Amino acid sequence: MREAIHPQYKDTNVRCACGASFTTRSTLGRDLTIEVCASCHPFYTGKQKIVDTEGRVEKFRQKYGMKKK
């Protein structure tokens with residue numbers, strides 16, 4: 001790497017809205033506040049909701065009077 005052309009890569013504290021915090025490295029140079037992290041995201045916590053797409057389609061068909069093929 002060439003000297004004096006790259007940004008400073010410093011430790012950065014990241015705080016989530018759920019209260020979790022961790023340290024990472026970034027060129028941003030200030031602390032970060034995020035809304036969702038691995039501690040509270042539904043995919044990682046196992047509390048993910050399954051969307052009933054078939055029910056939505058049926059509701060649409062009933063609303064607009066469309067018949068099933």
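Values reported hereafter were calculated over all heavy atoms of this structure, with side chains retained and with hydrogens, waters and symmetry mates removed. Values in this document were obtained by computation on a predicted structure and should not be read as measured data.
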Any side-chain heavy atom of Cys16 within less than 4.5 Å of one from Cys40? yes
Residues 25-36, side-chain donor-acceptor partners within the protein, below 3.5 Å, at least two apart:
| residue | atom | partner | partner atom | Å |
| --- | --- | --- | --- | --- |
| Arg25 | NH1 | Asp11 | OD1 | 3.4 |
| Arg25 | NH2 | Tyr9 | O | 2.7 |
| Ser26 | OG | Leu28 | N | 2.9 |
| Asp31 | OD1 | Asn13 | N | 3.4 |

Distance check, rounded to the nearest 0.5 Å: Cys37 atom SG versus Phe22 atom CZ? 6.5 Å
